[in-house]
Amino acid sequence: MAPLDPPPRLSEIADPALLLDFDGTLVDLAESPDAITVPDHLGKALERKAAAMNGRLAIISGRFIADIRGHLPDCALVISGSHGAEIESPEGSSVSEREAPRVPATALAAARDFAARTEGLLLEEKALGLGFHYRDCTDREDEVRAFAQDLARDHGLFLRDGKMILELATTDANKGDGVRAIMAQPPFAGATPIFIGDDLTDEDGFAAVNELGGFAILVGEMRETAARYRLLDVAAVHKWLEIE
Ligand SMILES: O=P(O)(O)OC[C@H]1O[C@H](O[C@H]2O[C@H](CO)[C@@H](O)[C@H](O)[C@H]2O)[C@H](O)[C@@H](O)[C@@H]1O
């Protein structure tokens, strides 16, 4: 695996549009979804960056949008949530093409029951999906995966792997769909898309920006990736974006 260089300076890229993952890219990973530390200045710094780029900055997260807005209150940005299934304007109106279904009540009840009897497992209830966080029961990952696979099959849900998480979603949307939908609309259309992300689920976004004539930046440890460049960690991302 060839190492990847750091990206060129943002100011050297013609007409850039930034598509930013959240966990592991803009904020450091933590023990659980609510344990993250979001720097006080982050929301306003991202807004200023977006303004300096004529609005061409969006967050593309696996979290649902209301969750991101809860962590970045009063921050007016384009946000795609639920792995591309939701997209909102900076003012908070939905610009998603289709409305995704909610998690069926019977699937939610079964997931709650499984989490209650699986020590160390944290169930994250999201608008359009469920997250099984197994960081504190890694020895039971196979069991959690088998349960999640059965639940997906029984309820027509879509399973994906993340960092210490198995996620079930009600749609097969991915971050590539989010990228393509955002880049098709003003003020993003015609710009050079740059996706920055750390997780395996970001690879769909990486592939999409490559197709659209842009490039991706992997954050963290080297792996097989569609990214062209790499930054070491969240601090390096903030430095590159000049939002420290
Ligand atoms: O696309 P992202 O913005 O990176 O969101 C991906 C998932 O992030 C969250 O889980 C991850 O971060 C947690 C907090 O640091 C960490 O405990 C967990 O191990 C990570 O997988 C979030 O909870 C998920 O809903 C997102 O899909």
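Ligands are counted one by one from 1 in listed order, and the atoms in each one are counted from 1 as well. Along the sequence shown, residues are numbered consecutively beginning with 1.
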* Structure fact -> Within the heavy-atom cut-off of under 4.0 Å, ligand 1 is lined by Asp21, Phe22, Asp23, Leu29, Ala30, Glu31, Ser32, Pro33, Ile36, Ser61, Gly62, Arg63, His83, Glu124, Lys126, His133, Arg135, Lys163, Met164, Ile165, Glu167, Lys175
* **Residues forming a side chain to side chain contact (heavy atoms under 4.5 Å, CB included) with Leu122, sequence neighbours excluded** => Ser32, Pro33, His133
* In plain terms, say whether Arg153 and Asp150 are close enough for a salt bridge, that is, a side-chain N and a carboxylate O under 4.0 Å apart. => yes
* **Side-chain (Arg228) to main-chain (Ala216) donor-acceptor, under 3.5 angstrom** => no
* To do: Might you work through the side chain to side chain contact (heavy atoms under 4.5 Å, CB included) test for Asp28 and Ile36, ending with a clear yes or no?
  => CA-CA 7 Å; Asp28 282 308; Ile36 53 169; over 6 Å; no
* Electrostatic pair Lys163-Asp198, nearest N-O below 4.0 angstrom -> yes
* Please work out whether the ring planes of Phe147 and Phe114 are parallel, tilted or perpendicular, with thresholds of 30° and 60°. => parallel
